[in-house]
Protein chains: 2
Amino acid sequence: MATKEKIINASIQLFNEYGFANVRLQHIADSTGISVGNLAYHFKNKEAIITRAYEAIGCELQAVLSQFRSEPNLLDLENQLASFYHFIVKFPFYFIDIIEIKRSHSHLHLARQQFIMRMIMQIRKRFEYNIDRGVIKPEPFEGHYDHVAHAIWMVITFWISQSIIKGDKSDVSSFKSVIWSQVYPYLTSKGIEEYQRLVLVRN
Amino acid sequence: MATKEKIINASIQLFNEYGFANVRLQHIADSTGISVGNLAYHFKNKEAIITRAYEAIGCELQAVLSQFRSEPNLLDLENQLASFYHFIVKFPFYFIDIIEIKRSHSHLHLARQQFIMRMIMQIRKRFEYNIDRGVIKPEPFEGHYDHVAHAIWMVITFWISQSIIKGDKSDVSSFKSVIWSQVYPYLTSKGIEEYQRLVLVRN
DNA sequence: GTCTATAGAGTGATAGAC
DNA sequence: GTCTATCACTCTATAGAC
């Protein structure tokens, strides 16, 4: 049934533009080119729609997170940042409406928290691996890189929100710049060399 | 008229708990201990309520931003962070619902963008002044501290959102830790000494 | 699978008595 | 200033014909 898929795609587009709470069933039906009655046939209620949308989005996020190799170098980070950015601009409502959806459909949020923890841990591990590779300086004191990983996750998670709030046009290069500025002070001289060779040259 | 003030206080409490869009006029009236008709007498509509609430909140934010001296040292930052945190936990909806309010009452957001720009500039200037004081290292390359200031503003702005999303209990010490972790790598040896003497000793 | 029609529960805002 | 009552409208969800 391609209709179900068309409904989900149209819904995601509308959620992105108007915010989940502001999108009406009528609106989704119109955008899909079907009636509200037909919409109800495919999805019993709005919750069923957002649940399905979250499934699809979760799959894509899974794919982005899976780009993490066992020993990631700085180019891996650069590439993953590009993937993250692509994901963010494809599903802005997933970040913008996160608290509203936690409020109204908390079971969806519960599953999502797994992703969040996994993401922060992954960022933290990147520091670990690149310390071993001699590219990142050792942790200056216990727990410091946990804070940095936390901050990096926040920049990723709220990037689209902040660009809307500030009225900026979101672009990938400033996104990457702010993330890299989080890593830069911890690069060793070998790390700076690798950064310039692998990352800067490409931009 | 104390009633107007009671309405605003009740409204802010409800906005904080349920989110601006989920608060009903009936809800505000009940919480204030008046009827909806009476509520309408004091505020013509919901927009008038949020406008007045934003005015009050803006005043408090103004006060926090005014703690910025012409030559702020690291203790000033520590103190201002405490004030920011206090402000954030007093008006969480101001941060959580920021995009929703921009969507539905854009004129309020327009005024708010002034605060945002001022705040980022203030953070940037703190770096400048403390470079001059020999407490912060010179900028490693053009524009780097702009990125760091941007990241610090994001941590402040989205702190309450992230704590809700992660399911953490928000506390002032982890807030300060993450912000200080943004500054720490740029401290000179003199800066670390001042940091330990003025900031760490107090916590 | 798809439609029209409508029930049913709210929601913001107003009218008018006290 | 404060109240009750109600209008006009929106939105989700369901019933039933095709």
Side-chain angles (χ1 to χ4, degrees), chain A residues 1-56 93 96-97 99-109, chain B residues 1-56 93 96-97 99-109:
Chain A
M1 312 302 128
T3 307
K4 267 195 165 63
E5 208 179 316
K6 274 188 351 197
I7 292 170
I8 294 300
N9 290 338
S11 298
I12 289 174
Q13 286 309 312
L14 292 168
F15 295 159
N16 285 338
E17 188 165 353
Y18 303 106
F20 173 70
N22 299 319
V23 172
R24 307 298 148 215
L25 295 183
Q26 185 68 63
H27 206 168
I28 294 173
D30 291 350
S31 198
T32 312
I34 62 173
S35 71
V36 187
N38 193 10
L39 177 62
Y41 170 80
H42 288 286
F43 295 96
K44 154 165 147 283
N45 51 31
K46 204 178 173 186
E47 169 148 352
I49 297 175
I50 184 67
T51 300
R52 182 62 160 273
Y54 252 53
E55 278 170 24
F93 95 93
I96 294 168
D97 293 335
I99 290 186
E100 182 56 33
I101 287 175
K102 178 187 149 89
R103 273 200 275 246
S104 54
H105 306 284
S106 53
H107 68 287
L108 289 178
H109 188 73
Chain B
M1 311 302 130
T3 306
K4 267 196 165 62
E5 206 178 318
K6 273 187 353 195
I7 292 170
I8 294 300
N9 290 338
S11 299
I12 289 174
Q13 287 309 311
L14 292 169
F15 295 160
N16 285 338
E17 189 166 353
Y18 302 104
F20 173 70
N22 299 319
V23 172
R24 308 295 146 217
L25 296 183
Q26 184 68 62
H27 206 168
I28 294 173
D30 292 350
S31 198
T32 311
I34 62 174
S35 70
V36 187
N38 194 10
L39 177 62
Y41 170 81
H42 289 286
F43 294 96
K44 155 166 146 282
N45 51 29
K46 205 177 172 186
E47 169 149 352
I49 297 174
I50 185 65
T51 300
R52 182 61 160 273
Y54 252 54
E55 278 170 27
F93 95 92
I96 294 169
D97 294 334
I99 290 186
E100 182 55 32
I101 288 175
K102 178 187 149 87
R103 272 200 275 247
S104 55
H105 306 285
S106 53
H107 68 286
L108 290 177
H109 188 72

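Comparing dG12(C), dT4(C), dT2(D) by their nearest atom to the side chain of N38(B) picks out dT2(D).
In this structure, R24(A) reaches the dT12(D) phosphate: one of its side-chain N or O atoms is under 4.0 Å from OP1 or OP2. The shortest distance between the side-chain N/O atoms of H42(B) and the OP1/OP2 oxygens of dT2(D) is below 4.0 Å. Using a 4.0 Å cut-off, no side-chain N or O of T3(B) falls inside it from OP1 or OP2 of dG1(D).
Between F20(B) and F93(B), the distance from one ring center to the other does not fall under 6.0 angstrom. A distance of 6.0 Å or more separates the ring centres of Y54(A) and H109(A).
To the nearest angstrom, C1' of dG12(C) lies 11 Å from CD1 of I49(B). For K46(A) and dA9(C), the NZ to P distance is 20 Å, given to the nearest whole Å. Computed from coordinates, the N45(B) CG to dA13(C) P distance equals 5 Å when rounded to whole Å. The distance between atom CD of Q26(B) and atom P of dA13(C), rounded to the nearest whole Å, is 14 Å. Distance, Y41(B) OH to dG16(C) P: 18 Å, rounded to whole Å. The separation between E47(B) atom CD and dA13(C) atom C1' is 14 Å, rounded to whole Å. What separates CD1 of I34(B) from P of dT2(D) is a distance of 7 Å, to the nearest Å. Here the P atom of nucleotide dA13(C) and the CD1 atom of I28(B) are 10 Å apart, to the nearest Å.
Formation of a donor-acceptor pair under 3.5 Å by the K46(B) side chain with backbone atoms of V23(B) is found in this model.
Heavy-atom distances to DNA chain D give each of K44(A) and N22(A) a nearest nucleotide, and the one nearer the 5′ end belongs to N22(A).
Classified by interplanar angle (parallel below 30°, tilted 30° to 60°, perpendicular above 60°), the ring pair H27(B)/Y18(B) is tilted.
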